[in-house]
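Before any comments, here is the structure.
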Amino acid sequence: MIIILKDNPEEKQLDNLISWLKSMNLDIHFSKGESTTILGLIGDTSAVDIDLINALDIVEAVKRVQEPYKNVNRKFHPKDTVIDVGGVKIGGGSFQVIAGPCSVESRDQICQVAESVKKSGAHLLRGGAFKPRTSPYAFQGMRAEGISLLLEAKKQTGLPIVTEVMDLSQLPLFEDVDVIQVGARNMQNFELLKELGHVDKPILLKRGLSSTLKELLMSAEYIMAGGNERVILCERGIRTFETATRNTLDLASIPLLKTKTHLPIVVDPSHATGIAHLVKPMAIAAAAAGADGLMIEVHNDPAHALCDGAQSLTPEQFDDVMNAVNAVLPYAYKG
Ligand code: PEP
Ligand code: MN
């Protein structure tokens with residue numbers, strides 16, 4: 001349920017209303033915009049008397065919110081959420097690019113890639129230290145050492161870092177990480193999401209391989225319900241009957257999610273296609289469709305990458321993609 005207040009509500013009356021709602025075990029999400037203030041009620045609102053609230057002097061309107069996600073709902077928070085990552089603003093009209101290798105492989109590799117993507121205009125550095133691999137025999141990531149190397153690359157370039165957590169037990173290693181990624185395979189690891197709700201860091205939540213948008217939003221709701229409001233959604237393609245690409249990029253999810261949530265949405269055309277030459281057209285398309293940013297895999301030597309080489313761009317190819325994306329940004333769909 002949302003309560004839309006009249007302009008400049010009388011403070012005493014507002015305090016009384018809030019205390020009364022809290023006495024019914026409801027959490028209140030307060031959203032103050034330029035023209036309207038909205039109270040979002042979270043919890044069991046079945047006993048709340050809508051007519052009684054509507055009759056209050058300070059109340060403009062009361063509406064029931066049908067969707068099961070509340071905190072992530074744009075009805076609760078009409079303005080775009082802007083997430084500040086070490087001075088880089090994600091959401092609310094800016095466009096940010098996260099780039100780097102699928103996996104951290106060595107000091108030279110991550111530092112070289114970090115320098116080159118920075119030169120091309122990337123704003124954040126990615127790199128997996130803990131890798132969710134289909135085969136137990138495939139490279140599993142450098143783990144703790146991978147995180148240390150990412151921190152070195154951050155020190156060298158100043159780029160904030162994004163890396164994936166796979167399990168709760170790894171969280172202590174993420175103290176100096178700027179953005180914690182939850183991978184597609186963990187999108188519905190609810191215990192992990194609950195814990196990340198108590199972490200004071202932005203979370204990049206990737207859409208599950210076969211998850212609906214509603215399920216993605218419900219997973220974001222888990223994090224926000226714990227008190228962490230800094231969630232970035234990531235469309236990374238979904239599994240369909242098509243096998244020519246690794247996944248199918250759901251471009252329509254971008255403008256659709258924008259109507260349903262205030263959270264920023266970035267697109268990962270690398271995992272969405274699995275094929276390096278498809279990254280550029282899909283990056284352009286995602287930018288044009290109104291995404292808040294991109295996440296792109298870049299490797300200094302894709303042919304010898306320990307993970308996802310086929311979809312990784314060389315630094316030169318990445319530079320070309322950045323130029324193409326920058327050229328379409330002025331024409332991007334804004335809703
Ligand atoms: C990744 O970003 O490295 C990754 C494993 O992606 P996803 O979880 O989307 O498969
Ligand atoms: Mn990858």
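Just so you know, ligand 1 is whichever comes first in the structure, and atom 1 is the first atom listed for that ligand.
- The pair Glu60-Lys6 does not count as a salt bridge, with every side-chain nitrogen at least 4.0 angstrom from each carboxylate oxygen.
- For ligand 1, residues of the protein lying within 4.0 angstrom by heavy-atom distance are Arg126, Lys131, Pro132, Glu164, Gln181, Gly183, Ala184, Arg185, Lys206, Arg236, His271, Glu297.
- Considering the Mn ion (ligand 2) as centre, the angle to OD2 of Asp308 and to SG of Cys102 is 100° (10° rounding).
- Note on ring orientation: taking the six-membered ring where Trp is involved, the planes of Phe174 and Phe130 are parallel (angle under 30°, cut-offs 30° and 60°).
- For His271 atom NE2 and Glu297 atom OE2, the angle they make at the Mn ion (ligand 2) is roughly 90°, to 10 degrees.
- Pro269 approaches Leu294 most closely through the heavy-atom pair CD-CD2, 4.4 Å.
- Using a 4.0 Å cut-off between a side-chain N of Lys or Arg and a carboxylate O of Asp or Glu, Arg74 and Asp80 qualify as a salt bridge.
- Ion pair Lys258/Asp292 flagged as a salt bridge, since at least one NZ, NE, NH1 or NH2 atom sits closer than 4.0 Å to an Asp/Glu carboxylate oxygen.
- Between the side chains of Thr81 and His262, a donor-acceptor pair is found at a separation under 3.5 Å.
- Side-chain contact between His198 and Asn228: absent, with no pair of heavy atoms (C-beta onward) separated by less than 4.5 Å.
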